[in-house]
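Reviewing the structure listed below.
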Amino acid sequence: MPCPKYSPLYLAVIARLTPGVSLPHAESEMLGIARQLDRQNSTPIKNRGIRILSLAESYRPSYLSTLLMIQGAAGFVLLIACANAAHLFLVGLAARRKEFAVRTALGAPHNQYIVVRKT
């Protein structure tokens with residue numbers, strides 16, 4: 001039973017091109033097959049159209065806007081996570097400000113701050 005969205009003569013075919021064959025060459029071959037089918041049929045089909053697309057090109061319009069929206073949302077969530085991590089790091093440093101002042105007054109080298117921060 002044909003899909004009601006299309007006419008009964010609608011047919012979509014998915015095929016793999018032989019390596020080295022271009023899309024225009026494949027389209028000309030398909031047009032030749034269509035002409036041969038018209039000669040064999042007693043009533044040729046009017047307005048027959050053959051269009052060859054790559055698989056990526058044929059599906060791109062249907063999902064591109066959704067994909068961009070999901071990508072934007074994921075980027076926004078990543079931005080919020082990075083800002084949150086930076087904020088937590090700065091709050092932790094501000095809370096230990098007096099400790100760092102005491103260590104500096106006692107002569108601790110600056111690379112020990114990093115060691116203290118990791119523990």
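In this structure, CG in Leu31 is found 5.5 Å from CZ in Arg35, a value given to the nearest 0.5 Å.
The two residues Ala26 and Leu17 make their nearest non-hydrogen contact at CB-CD2, 3.5 Å.
Shown here are the side chain to side chain contact (heavy atoms under 4.5 Å, CB included) partners of Ile70, two or more places apart in sequence or in another chain: Thr66. Every side chain to side chain contact (heavy atoms under 4.5 Å, CB included) that Ile33 has, sequence neighbours left out, goes to Met30, Leu37. Thr18 pairs by the side chain to side chain contact (heavy atoms under 4.5 Å, CB included) definition with Val21, not counting sequence neighbours. Annotation: side chain to side chain contact (heavy atoms under 4.5 Å, CB included) contacts of Gln36 (sequence neighbours excluded): Arg39, Gln40.
Chaining together hydrophobic side chains whose heavy atoms lie under 4.5 Å apart places Leu106 alongside Val102.
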